[in-house]
Amino acid sequence: MKRLQVYSLPMSLPVVDRNALRSAVEPLCPDIPPDIVHDFISRMDPEYFRRFDQTALIRHLRLAARLTPERPCEVAITEQGDQRYDITVVAYDYFSEFATICGLLSASGLNIEEGQIFTFMDQSQAPPARSAAGRSRPGLSRKKIVDVFRVQPVRSVAFGPDEQRRLADELSAMMRLLHEGRVEDARQAVNRQLVEQLGKRRGSFSGLLHMVQITFDNSQSPTDTIMDIKSDDTPAFLYAFANALAMRNVYIAKAQFEIDGGKLHDRFYVRNRHGQKITDPHDQQQLRLTAVLIKQFTHALTWAPDPAKALEAFDQFLDLTVQERSGKDQQQALAFLSDKKTFPLLARLLGASDFLWEDFLRRQHGNLLPLLKDYRDAPLIKPKAFLRKELDKAVGKARTLEARKDALNQFKDRELFRIDMKHIVEPATGLADFSLALTELAEVIVERSLLDCEAKLKKDYGMPKSADKKPCPFAICGAGKFGGRELGYASDIEVLFVYGGAGRTSGKQAIENSEYFERLAQELLQWIEAKQEGIFHIDVRLRPHGGKGSLANPLDEITSYYSSTGLAAPFERQAMIKLRHVAGDAALGKQVEAHRDRFVYSGESWDIATALDLRRQQVKQFVKPGTINVKHSPGGVIDIEYAVQYLQVMHGHKHVILRTPNTMQALSGLVETGLVSRQDGENLRKAYYFLRMLIDGLRMVRGNAKDLVLPPPDSDEFIFLARRVGYTTDDWQAGARHLQMDIEEQMRHTKTFFERTFGAL
């Protein structure tokens, strides 16, 4: 392969005689207006004229002559033989333009082997020349670019006339977006096309790339810093690095690059945000690190469920983590990032969830590298005794109550991230183990929070006492997914606060127990920090009278309200199935659980008609026509949970094995007692785990426990959902189709069982 020679031009080389060149060129192209020839030759970078002969210059002039504000880009594609093509882009100069062009070329399945990128000089830098004759045409004075790429389609990618026209149209469309200032829209449009192409090129990640050599030179250009990068080639590196430079307000004035035998040599002529050379050694080092790490990361980019999301998050990660480090910390970071397993892990992680990035990684980026380093050795499920010991140690170092609160929440976030990371990057991690790990962490956090909140209140109010002067007990019961040990990604933590009964506290500022435990509940809700609808939000809606009732209730009110003569609605009896003691006084917790069994499994008739009417109302309220809600649509996961719970209420008085808060344990009991056939039981078990996996996939990216509507099957979002939940074939469309078929099958099994057993919705 003929290689483009990349070399430095000493500043002593003779200056191009632009007037003479113009005089020689104009007679050869009488079809091109003289003012366009004048503008192009007088303002083009001088090195351009040493790289292109007159024939190429005239071709570029003809493309430039077609530019107008309404038509800001012209593209020419010529075949060079041996399955290689030259792609010439002449356009107005726009922010992020080079990155956009590189991204579209990569998205079209084209390897960029060589390239030369040139930009008009600023008016102040252009040599003086005579004025052009005639009236100035629209767009004439604007800066322009000439980018010439030598490309080769990757294996199995067609690049015939139709594909060439499509690429030219897409390049023009992207330039129009940039012309309108819609840089982010252009970036997203390129990303959508790029990520599917990357998915077809997934290969093994064998470890570190060869050494990346980067040098800076400020001696050879009067206006630009020359940044040379020599390394192995990686998919989409030019796009990723050009984007990174644009985000850091580093301007690329021109560039040359070539590839030979997989080795790449890039030369960028760059300026800082002020249009000046980059002379500060610190700034150069940051650019060097950025280039090295992006180079490594793009090698693993195809492992990401959503490569575009991974790339964007990684760029922010560089700013937050590496660029803020220096000296020893930076060396440690780089040493860790040299681990051959690091980048595929980062790609999977950063390409999985906007919410995970925004809610944890951005806020606690300093913890990311240690967590990534340690997570492989730590088991998914840590013993509760070990978690307590670690948490007590972290909280024990704090000197103030506020510091103790911060220490607890930092520990919670780190452990949540570790568990979520295991679940995201290790597909073998099952839902049952994932749920148990989250549940036991939640229990330890609630236990520790209760101790610290009680210590805070007792300083002011003393110890709560019952009427007999004995300590008044307090217990926290889990409900919902927390009570059932079934927590998932972004699940709420549902709780019920119960205390022994009436009395007063023993402190100087004595208050009634009702006020004390109300304040304790309020303190607990503030102690454990979370997003409103996100991970670890404490939900207290399951209590007597719901949102209108007190946060904490005495035991006698609990037993009165949740009884056959009490005010509890039928659905509250069903919800009480999940109630389970999780923290606080164990004896009081056992009393609550015993009352749960007496109330739920009393044998009193279950009004199935009312239950089904409530289920129909849910469908009407939460499922919009033409959409599928994985939780609430007929056949959704709630039909499995409700079917099991209906049968628990109806038959639990006769079968002790059914008295469990856990859905799958209860389903096993229903099969064992013969109330559900083994085939139906197996179908429901598979559907439950499948739909819960799907819900986790939706919550993972959205960070919202409520938005469980499936994206349209033909959308990019659905494709990324498929990859996120394990449908990672090279053909992304095929993976999405496979997921769609599985969704239909599993929801059909569930809907059939529910309607056969209880009636149609």
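None of these values were measured; they are calculated from a predicted model.
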Colleague: So, are Arg165 and Asp162 salt-bridged, with charged N and O less than 4.0 Å apart?
Modeller: yes
Colleague: Is the closest side-chain heavy-atom distance between Val709 and Ile628 below 4.5 Å?
Modeller: no
Colleague: Between the side chains of Tyr251 and Asp224, is a donor N or O closer than 3.5 angstrom to an acceptor N or O?
Modeller: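 Tyr251 vs Asp224: no donor-acceptor pair found between side chains.
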Colleague: Could you tell me whether Glu180 and Arg176 have a side-chain N and a carboxylate O separated by less than 4.0 Å?
Modeller: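 Not counted as a salt bridge, because no side-chain N and carboxylate O are separated by less than 4.0 Å.
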Colleague: Looking at Arg18 and Ile41, what are the two nearest heavy atoms and their distance?
Modeller: NH1-O, 2.6 Å
Colleague: Please name the pair of heavy atoms, one in Ser96 and one in Thr100, separated by the smallest distance, quoted to 0.1 Å.
Modeller: O-OG1, 2.8 Å
Colleague: Would a distance-only check, ignoring hydrogens and angles, find a side-chain to backbone donor-acceptor pair under 3.5 Å from Ser715 to Pro712?
Modeller: yes
Colleague: Lys144: what forms a side chain to side chain donor-acceptor pair (under 3.5 Å) with it, not counting sequence neighbours?
Modeller: Asp39
Colleague: Side chains of Leu698 and Pro711, heavy atoms from C-beta outward: is any pair under 4.5 Å?
Modeller: yes
Colleague: Going by the angle between their ring planes, with limits at 30° and 60°, are His60 and Tyr48 parallel, tilted or perpendicular?
Modeller: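 Rings of His60 and Tyr48: tilted, 30 to 60°.
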Colleague: If we only count heavy atoms from C-beta on, is the Pro33 to Ile36 side-chain gap below 4.5 Å?
Modeller: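 Yes, at least one pair of side-chain atoms sits under 4.5 Å.
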Colleague: Please confirm whether the ring centroid of Phe268 lies under 6.0 Å from the ring centroid of Phe241.
Modeller: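 Yes: the rings meet the under 6.0 Å criterion.
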Colleague: Could you check whether any side-chain N or O of Lys277 sits under 3.5 Å from a backbone N or O of Asp217, counting only pairs where one atom can act as donor and the other as acceptor?
Modeller: no
Colleague: Would you sort out whether Ile743 and Leu710 count as a side-chain contact (heavy atoms from CB on, under 4.5 Å), showing the intermediate values?
Modeller: CA-CA 10 Å; Ile743 291 171; Leu710 285 175; 3.8 Å; yes
Colleague: For the residue pair His179 and Tyr92, confirm or rule out a side-chain donor-acceptor distance under 3.5 Å.
Modeller: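 The criterion, which ignores hydrogens and geometry beyond distance, is not satisfied for Tyr92 and His179.
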Colleague: Is the backbone of Ile117 close enough, under 3.5 Å, to the side chain of Gln256 for a donor and an acceptor to pair up by distance?
Modeller: no
Colleague: With a sphere of 6.0 Å drawn around CZ of Arg288, does it hold more than 12 non-hydrogen atoms of other residues, nucleotides or ligands?
Modeller: yes
Colleague: Does this structure show an ion pair linking Asp31 with Arg62, if we count only N-O contacts that are shorter than 4.0 Å?
Modeller: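 Answer for the salt bridge query: yes.
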Colleague: With a 4.0 Å cut-off on N to O distance, would you call Arg187 and Glu184 a salt bridge?
Modeller: yes
Colleague: Between Gln80 and Thr78, do the side chains contain a donor N or O and an acceptor N or O under 3.5 Å apart?
Modeller: yes
Colleague: Look at Glu74 together with Arg66 and state whether they make a salt bridge at an N to O cut-off of under 4.0 Å.
Modeller: yes
